Structures are given as structure tokens and as C-alpha cells.
Undergrad: 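Just passing along the structure, written as C-alpha cells.
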Amino acid sequence: MNKKSGEETAGPSAKEEVKKRTVKKAAGDTEKKTGKAVSKRASEKGAGKTKKDTEPGVSPEKTEGKAKSAKTNRTKEADTKETGAKDKVPKTASGKTVKGDKQSGTDAGYKKVPDAFISDLNDLAKIFEVNPGVIDPIRDVFECHLADPLDRKTFPRMVNAVSMLLGPAPAMVLMTGCHVNSVSFFEDLLGAVKDNDSAKTAVWIIQQLTSIYGNRVQKAYSLSSGTMDEDWHTIDINTFRREGPAPLWLIDLRLSQYSGVETQLKMTPDSAYQLVEILMTELVDNIPAEQIDPDLVGRCREHCKEFYEKFYGKEKTKNEDEHPAGYA
């Protein structure tokens with residue numbers, strides 16, 4: 001009887017302990033389920049996905065992985081665009097990147113001006129700043145030398161005279177601008193010195209002189225180029241009649257070379273013609289055709305025709321309207 005009562009006394013406490021364990025386990029399962037749901041919602045929210053964006057049957061981990069992959073691809077595309085933009089930045093000949101549309105000190109569209117020429121131009125600009133009155137003597141030089149008929153020595157004489165006023169290098173800058181006589185040449189210069197006000201003023205002075213004397217200076221330069229000391233510079237020719245029992249016509253020829261050597265020839269008209277014939281034969285036999293100016297050949301042909309007609313009259317030409325012999 002005591003044993004039974006003891007079991008009855010211990011029974012209630014065991015039941016209570018079992019009940020507590022069951023309640024505790026149910027609470028733990030509820031917390032786990034709740035935690036997973038919260039984690040799932042947070043994962044979907046962090047990936048920026050809605051229920052429509054998430055494919056059915058895809059786990060949150062896979063959805064998050066796709067979001068990371070898309071973000072990585074967008075980053076690569078942005079890097080590619082940025083790299084392409086960097087490649088389009090203009091570069092100099094040495095490969096250095098330059099800002100804007102500037103290139104080697106000049107704007108895009110202008111030709112590169114040699115640094116030595118810009119240096120000499122700056123020296124000329126300093127001369128104009130220190131002594132602006134030197135412009136008047138330069139004008140006098142142009143007026144003096146270009147007033148006479150142009151020959152192969154005109155341009156060298158002008159360079160020598162301007163060099164006495166400015167010095168050799170600045171004089172060549174001024175004379176180069178005048179004989180080039182081109183608008184684009186001055187545009188390139190202004191593009192190269194656009195940040196230098198004194199150099200821009202010097203360019204404007206050269207432009208002014210070129211606008212007045214440019215055509216004459218250009219022609220003088222063309223005459224002076226490619227000459228040699230042995231080439232003839234001037235020819236003075238006179239024809240006269242020597243009186244006497246047998247009157248005689250003579251040709252007096254004085255020829256001066258660039259080297260300063262002078263030659264005099266006095267001959268009869270027949271001897272002069274023989275000299276011309278010898279020279280023409282030499283040209284025909286040994287000189288390439290491209291070495292002779294075609295216009296000069298044409299003028300010579302006209303003179304030979306006039307010379308022939310003077311002695312033998314005009315050549316008879318066939319009338320195109322005449323019928324050939326034997327036909328009515």
C-alpha cells in the first residue's frame with residue numbers, strides 16, 4: 001500500500017516535466033521557422049527581387065547569386081566604356097596623351113611649325129618690341145629693291161639688306177613669310193603662338209608687309225632659286241654697223257655670271273646664227289625634254305619661223321578646199 005502511494009506521489013511531477021519539455025521543443029521549432037522566414041525575406045529584399053522577378057523553384061541562394069553576377073557584368077561594361085573613352089583621347093607623336101584638342105602646342109587642324117622657326121620668330125618679336133621704328137627702314141629696303149626690274153640677284157640682295165637691320169635668323173623669318181605669300185602659312189603660325197601676344201604682333205607685321213610686297217618678293221625668290229655661280233646673270237647685247245669700204249654688221253654680246261666673271265663676244269650675224277645652231281643641236285641631242293620649259297620652246301619656235309620668213313617669205317600652205325589633182 002505504501003508502494004502504490006509512492007508511485008502516485010511521483011507521477012504528477014514526471015508528467016509535469018514531460019509537459020515542460022514538449023512546450024520548450026515546440027517553442028524552439030517555432031523560433032527556427034520564424035528565423036528562416038525572416039532570413040528569406042531579408043535575402044529577397046537585399047537582392048532587389050520581387051516575387052515576379054524570382055523564378056519558381058529557385059532557392060534564395062541562387063537568386064542572390066544571379067544578382068551578384070548581373071552586378072559584376074554591369075561593372076565590366078562600365079569599365080569597357082571607360083577604357084574606350086580613354087582610347088579616344090588624342091595623343092602626340094610620342095604617344096603622350098594631350099588634353100582637349102591641343103596637340104604639340106597647336107590646335108587640331110593646324111600644321112606643326114618647327115620649333116627653330118618659332119624660336120627665331122620670338123627673337124624677331126623682341127626686336128619689334130624694343131625698336132618698333134625698325135619697321136620703316138624695312139619698308140625702305142622693300143621699296144628700293146623691288147622698284148627695279150627683278151632678276152636672279154634681287155632676293156639675295158633683299159635678304160642681305162634686311163639681315164643688316166634684324167640679324168640673319170629674324171631676317172629669314174620675315175623673308176620666308178613674304179615669299180611663301182600664303183594665308184594658310186600665317187594661320188599655322190598664329191595657331192602655334194596663340195598664347196604669345198608679342199609673337200602674334202610680329203606675325204601681323206609680316207602679314208602686312210606680305211600683303212603689300214608679297215607677289216613681287218615671291219617672284220624674286222622664284223628667280224633666285226636653283227642658280228649656280230657658272231650660270232649667266234645678265235646679258236647686254238648690241239647690234240651695230242661698222243662703216244668702211246665694205247660695211248659690216250656686228251653683234252656685241254656682254255655676258256656676266258653669278259660668280260662675277262664677265263665674257264664679251266663680238267661676231268658677225270652669220271657667226272651668231274652658227275652659235276645658236278650649235279647650242280640647239282646640243283640641246284636636241286643630249287638634254288632631256290623635261291629639263292626645258294615648254295613655253296620657252298614655243299617662243300623659240302615662233303622666232304625661228306619669223307627668221308625664216310624674213311629671208312624666204314611665208315611658207316605656202318595647201319588650201320583644204322582644193323580638190324586633189326585629177327578630180328574635177
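Scope of the values below: all heavy atoms of this structure, side chains included, with no hydrogens, waters or symmetry mates. Throughout, residue positions are numbered sequentially from 1 according to the sequence presented. Predicted model, so just to flag it, every value in this text is computed and none were measured.
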Undergrad: As a quick check of understanding, evaluate side-chain contact (heavy atoms from CB on, under 4.5 Å) for R254 and T263, giving each step before the final call.
TA: CA-CA 6 Å; R254 295 177 181 268; T263 304; over 6 Å; no
Undergrad: Taking the side chain as everything from C-beta on, heavy atoms only, tell me whether L265 gets closer than 4.5 Å to I251.
TA: no
Undergrad: If you count the non-hydrogen atoms of other residues, nucleotides and ligands that lie under 6.0 Å from CE in M280, is the total more than 12?
TA: no
Undergrad: Closest approach of N196 and S198, non-hydrogen atoms and distance?
TA: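 Smallest heavy-atom distance, with atoms named: OD1-OG, 2.8 Å.
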Undergrad: At what distance, to the nearest 0.5 angstrom, does OG of S256 lie from NZ of K153?
TA: 10.0 Å
Undergrad: Who else is in W249's hydrophobic cluster (ILVMFWY, side-chain heavy atoms under 4.5 Å, direct or via others)?
TA: none
Undergrad: Let me know which of L165, L146, N160 forms a side chain to side chain contact (heavy atoms under 4.5 Å, CB included) with V141.
TA: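 That would be L165.
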Undergrad: Work out which heavy atom in D148 is nearest to a heavy atom in R216; give both atom names and the distance.
TA: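 Reported closest heavy-atom pair: O-NH2, 3.4 Å.
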Undergrad: Rest of the hydrophobic cluster containing F307 (Ile/Leu/Val/Met/Phe/Trp/Tyr, side-chain heavy atoms under 4.5 Å)?
TA: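 Joined to F307, directly or through intermediates: Y273, Y308, F311, Y312.
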Undergrad: Between Q207 and L209, is a side-chain contact (heavy atoms from CB on, under 4.5 Å) present by the stated rule, with each step listed?
TA: CA-CA 6 Å; Q207 277 183 289; L209 292 172; over 6 Å; no
Undergrad: Kindly give the heavy-atom pair with the smallest separation between L174 and I206, and that separation in Å.
TA: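 Here L174 and I206 meet closest at O-CG2, 4.0 Å.
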Undergrad: Is L253 reachable from L279 through a run of I, L, V, M, F, W or Y residues, each pair having side-chain heavy atoms under 4.5 Å apart?
TA: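 As far as the 4.5 Å side-chain criterion goes, L253 and L279 are connected within one cluster.
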Undergrad: For a quick test of reading the model, state the closest non-hydrogen atom pair linking F155 to A220 and the distance between them.
TA: CB-O, 3.7 Å
Undergrad: Are V284 and L296 connected in a single hydrophobic cluster, I mean Ile/Leu/Val/Met/Phe/Trp/Tyr linked by side-chain heavy atoms less than 4.5 Å apart?
TA: no
Undergrad: Would you give the length of the straight line joining atom NZ of K126 to atom CG of L121, rounded to the nearest 0.5 angstrom?
TA: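 The NZ atom of K126 sits 11.5 Å away from the CG atom of L121.
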Undergrad: Rounded to the nearest 0.5 Å, how far apart are CG of L189 and OG1 of T176?
TA: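 Here the rounded value is 10.0 Å.
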Undergrad: State whether the side chain of R242 and the backbone N or O of L248 hold a donor-acceptor pair below 3.5 Å, judged by distance alone.
TA: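 No, R242 side chain to L248 backbone: no donor-acceptor pair under 3.5 Å.
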Undergrad: Let me confirm one number: the CG-CG distance from D270 to L275, rounded to the nearest 0.5 Å.
TA: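 Rounded to the nearest 0.5 Å, the CG-CG separation comes out at 11.5 Å.
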Undergrad: Among all residues two or more places apart in sequence or in another chain, which pass the ring pair (Phe, Tyr, Trp, His ring centres under 6.0 Å) test with F128?
TA: none
Undergrad: Between CG of L150 and NE2 of H145, what distance do you get to the nearest 0.5 Å?
TA: 11.5 Å
Undergrad: Could you go through the side chain to side chain donor-acceptor pair (under 3.5 Å) check for S271 and T268 one step at a time?
TA: CA-CA 5 Å; S271 296; T268 63; 3.1 Å; yes
Undergrad: Classify the angle between the aromatic ring planes of Y213 and F142 as parallel (below 30°), tilted (30 to 60°) or perpendicular (above 60°).
TA: tilted
Undergrad: Can you tell me if N181 uses its side chain to pair, donor with acceptor, with the backbone of G177 under 3.5 Å?
TA: no
Undergrad: Are L250 and V276 connected in a single hydrophobic cluster, I mean Ile/Leu/Val/Met/Phe/Trp/Tyr linked by side-chain heavy atoms less than 4.5 Å apart?
TA: no
Undergrad: Do V180 and Y221 make a side-chain contact, defined as non-hydrogen atoms from C-beta onward lying under 4.5 Å apart?
TA: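 Of all side-chain heavy-atom pairs linking Y221 with V180, none is under 4.5 Å.
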Undergrad: Grab the two heavy atoms, one from I287 and one from Q291, that are nearest each other, plus how far apart they are.
TA: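 Heavy atoms only, the tightest pair is CG2-CB, 3.9 Å.
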Undergrad: Determine, for K112 against D115, whether the closest basic-nitrogen to carboxylate-oxygen distance falls under 4.0 angstrom.
TA: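 Here K112 pairs with D115 in a salt bridge, since their nearest N and O are under 4.0 Å apart.
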Undergrad: Is it the case that one hydrophobic cluster holds both L124 and I135, taking links as side-chain heavy atoms less than 4.5 Å apart, direct or via other members?
TA: yes
Undergrad: Please identify each residue that fulfils ring pair (Phe, Tyr, Trp, His ring centres under 6.0 Å) with F186, with sequence neighbours left out.
TA: none
Undergrad: Hey, mind stepping through E277 and T281 against side chain to side chain donor-acceptor pair (under 3.5 Å) and telling me if it holds?
TA: CA-CA 6 Å; E277 196 273 334; T281 302; 3.1 Å; yes
Undergrad: Identify the two heavy atoms, one from S184 and one from S182, that lie closest to each other, and give their separation to 0.1 Å.
TA: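 Shortest heavy-atom contact: OG-OG, 2.9 Å.
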Undergrad: Got a second to check how far C300's SG is from I292's CD1, nearest 0.5 Å?
TA: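 Between C300 SG and I292 CD1, I get 10.0 Å after rounding to 0.5 Å.
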Undergrad: List in chain and number order the residues that pass salt bridge (Lys or Arg N to Asp or Glu O under 4.0 Å) with R299, two or more places apart in sequence or in another chain; answer none if no residue qualifies.
TA: none
Undergrad: Under the side-chain contact (heavy atoms from CB on, under 4.5 Å) criterion, do D195 and K200 qualify, and how do the steps go?
TA: CA-CA 8 Å; D195 296 329; K200 287 169 63 177; over 6 Å; no
Undergrad: Using side chain to side chain donor-acceptor pair (under 3.5 Å) as the criterion, list what pairs up with T154, not counting sequence neighbours.
TA: D151
Undergrad: Before you tell me yes or no, could you show the steps for K194 and L190 under side-chain contact (heavy atoms from CB on, under 4.5 Å), namely the whole-Å CA-CA distance, both residues' side-chain angles and the distance that decides it to 0.1 Å?
TA: CA-CA 5 Å; K194 70 173 187 176; L190 291 174; over 6 Å; no
Undergrad: Indicate, with yes or no, if I212 and I138 share a hydrophobic cluster defined by side-chain heavy-atom contacts under 4.5 Å among Ile, Leu, Val, Met, Phe, Trp and Tyr.
TA: yes
Undergrad: Has the side chain of S163 got a donor or acceptor atom that lies under 3.5 Å from a matching backbone atom of V159?
TA: yes
